[in-house]
Amino acid sequence: MATAWTPTEFEQQLRALGRYYHVHHPFQVMMYEGKLNAEQLRGWVANRFYYQLTIPRKDAALLFNCPDREVRRIWIQRILDHDGGPSAAHISDGGIEAWIRLGEACGVPREELLDQRHVLPGVRFAVDAYINFVRDAAWQEGVCSSLTELFAPTAHKQRLQSWPDHYPWIDNAGLQYFRNRLTEAHRDVDHGLALTLQHFTSYEQQQRALQILKFKLDVLWSMLDAIYLAYVQQMPPYFNVKESA
């Protein structure tokens with residue numbers, strides 16, 4: 001029988017999956033290098049908003065599955081962080097509203113974000129797969145799937161550092177979402193990582209955890225595949241289908 005990793009070794013294995021994080025996707029690389037045009041950047045913002053809308057619903061599904069009161073008392077803060085309200089303590093009133101303001105700063109009207117007219121089928125399928133996984137999985141597996149947050153601060157820092165230089169037409173106030181997440185992501189990952197290390201202790205469980213985290217990385221990468229195809233390659237869904245008369 002294979003031997004389980006120690007908590008330190010297991011954490012190292014989880015963090016090693018960062019090589020698959022979507023910061024390495026060609027679309028993200030173009031973003032950080034200032035090679036996206038306004039339409040491409042707006043397309044990313046509008047499609048990523050579907051993911052932002054899903055986060056509190058995903059966390060609500062996890063809470064429904066979790067019988068541990070102490071875990072729920074901490075985890076519920078994630079919903080407040082994104083949905084906003086008095087407990088969010090954000091000048092932008094939560095992550096969803098902050099993302100709407102990001103969209104507006106980029107030139108995507110609020111109503112176009114909210115009615116989801118720009119969301120690509122591939123993005124919708126990938127995000128829906130994530131929420132369906134968390135809804136149907138054990139709550140500990142839902143927690144594990146959130147651990148892409150291990151790598152998220154890198155993405156937020158890159159955007160805050162590169163966007164003002166490469167995309168000066170975007171109002172700097174619109175970047176507040178990324179500033180908020182620099183603090184929130186560290187807090188969230190500390191809790192999620194501790195729960196994962198505590199629960200996944202056998203060799204089989206640890207292998208399962210790696211599979212779960214890789215699945216979530218696949219979700220994020222697949223979203224960018226769809227966005228890259230539509231906005232960079234100019235091949236949105238059905239681009240080659242002629243409408244009937």
Side-chain angles (χ1 to χ4, degrees), residues 19-58 82 95-135 145 148 151-152 154-156 158-160 162-171 174-178 181 214-245:
R19 63 187 181 275
Y20 299 116
Y21 193 52
H22 63 174
V23 292
H24 305 297
H25 192 283
F27 190 90
Q28 290 279 20
V29 174
M30 290 179 65
M31 179 189 296
Y32 304 139
E33 293 179 348
K35 295 179 179 179
L36 296 182
N37 60 38
E39 179 189 8
Q40 292 165 341
L41 196 58
R42 290 172 186 140
W44 175 77
V45 170
N47 276 272
R48 177 78 181 193
F49 184 63
Y50 186 66
Y51 178 81
Q52 303 305 132
L53 286 175
T54 300
I55 291 174
R57 295 174 55 216
K58 175 269 297 184
H82 281 85
I96 290 176
E97 181 63 26
W99 199 274
I100 291 173
R101 296 186 184 186
L102 171 65
E104 291 175 328
C106 292
V108 185
R110 175 182 293 259
E111 61 271 18
E112 293 187 16
L113 288 171
L114 293 174
D115 67 19
Q116 302 174 23
R117 71 183 69 177
H118 301 294
V119 178
L120 297 163
V123 170
R124 192 179 299 274
F125 291 155
V127 175
D128 288 354
Y130 179 38
I131 193 171
N132 290 337
F133 170 81
V134 176
R135 181 193 62 203
S145 71
T148 48
F151 322 118
T154 297
H156 300 318
Q158 287 179 334
R159 291 163 193 156
L160 288 169
S162 66
W163 281 32
D165 290 333
H166 294 314
Y167 312 108
W169 49 273
I170 299 176
D171 186 346
L175 306 184
Q176 187 61 41
Y177 176 87
F178 306 132
R181 290 304 297 165
K214 182 57 167 57
F215 158 75
K216 176 61 183 306
L217 290 163
D218 290 345
V219 166
L220 298 174
W221 195 276
S222 296
M223 290 171 60
L224 287 179
D225 281 346
I227 294 169
Y228 186 88
L229 194 64
Y231 290 97
V232 177
Q233 296 296 319
Q234 297 298 307
M235 297 170 65
Y238 315 116
F239 76 98
N240 60 335
V241 176
K242 294 182 179 179
E243 298 293 336
S244 58

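Residue numbers run from 1 in the order of the sequence given.
The minimum heavy-atom distance between Tyr51 and Met223, with the atom names listed, is CB-CE, 3.8 Å. What you find for Pro56 and Ile96 is that their closest heavy atoms are CG-CD1, 4.0 Å. Heavy atoms only, all atoms of each residue included: Leu113 and Ala46 are closest at CD2-CA, 3.6 Å. When all heavy atoms are compared, the tightest approach of Trp99 to Phe178 is CZ3-CE2, 3.9 Å. Heavy atoms only, all atoms of each residue included: Val29 and His24 are closest at CG2-O, 3.9 Å. Nearest heavy-atom pair across Thr148 and Lys216 is OG1-NZ, 2.9 Å.
Here Leu224 pairs with His22, His25, Phe27, Gln28, Trp44, Ile227 under the side-chain contact (heavy atoms from CB on, under 4.5 Å) rule; sequence neighbours left out. The side-chain contact (heavy atoms from CB on, under 4.5 Å) test applied to Gln234 returns no partner, not counting sequence neighbours.
Residues Ile55 and Tyr130 form no side-chain contact, since every pair of their non-hydrogen atoms from C-beta on lies 4.5 Å or further apart. Annotation: side chain of Leu229 is not in contact with side chain of Leu120 (no heavy-atom distance under 4.5 Å). In this structure, His156 and Tyr177 have side chains that are in contact, with non-hydrogen atoms separated by less than 4.5 Å. At a threshold of 4.5 Å between non-hydrogen side-chain atoms, the residues Tyr32 and Arg159 count as touching. Contact check for Val219 versus Phe133: no side-chain heavy atoms found under the 4.5 Å cut-off. Within the 4.5 Å cutoff, no side-chain heavy atoms of Pro26 are placed close to those of Val232.
By the 6.0 Å and 45° rule, Lys214 stacks over the aromatic ring of Tyr20.
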Test Phe151 against Leu220 for side chain to side chain contact (heavy atoms under 4.5 Å, CB included), laying out the working first. CA-CA 12 Å; Phe151 322 118; Leu220 298 174; over 6 Å; no
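Atom CE of residue Met31 and atom CH2 of residue Trp163 lie 5.5 Å apart, to the nearest 0.5 angstrom. Rounded to the nearest 0.5 Å, atoms OH (Tyr231) and CG (Leu41) are 11.0 Å apart. Annotation: the span from Gln176 atom CD to Glu97 atom CD amounts to 12.0 Å, rounded to 0.5 Å. Distance check: Arg42 CZ to Asn37 CG gives 9.0 Å after rounding to the nearest 0.5 Å. To the nearest 0.5 Å, the span separating CD on Glu111 from CZ on Arg117 amounts to 6.5 Å.
Other residues, nucleotides and ligands place no more than 12 heavy atoms under 6.0 Å from the OH atom of Tyr238.
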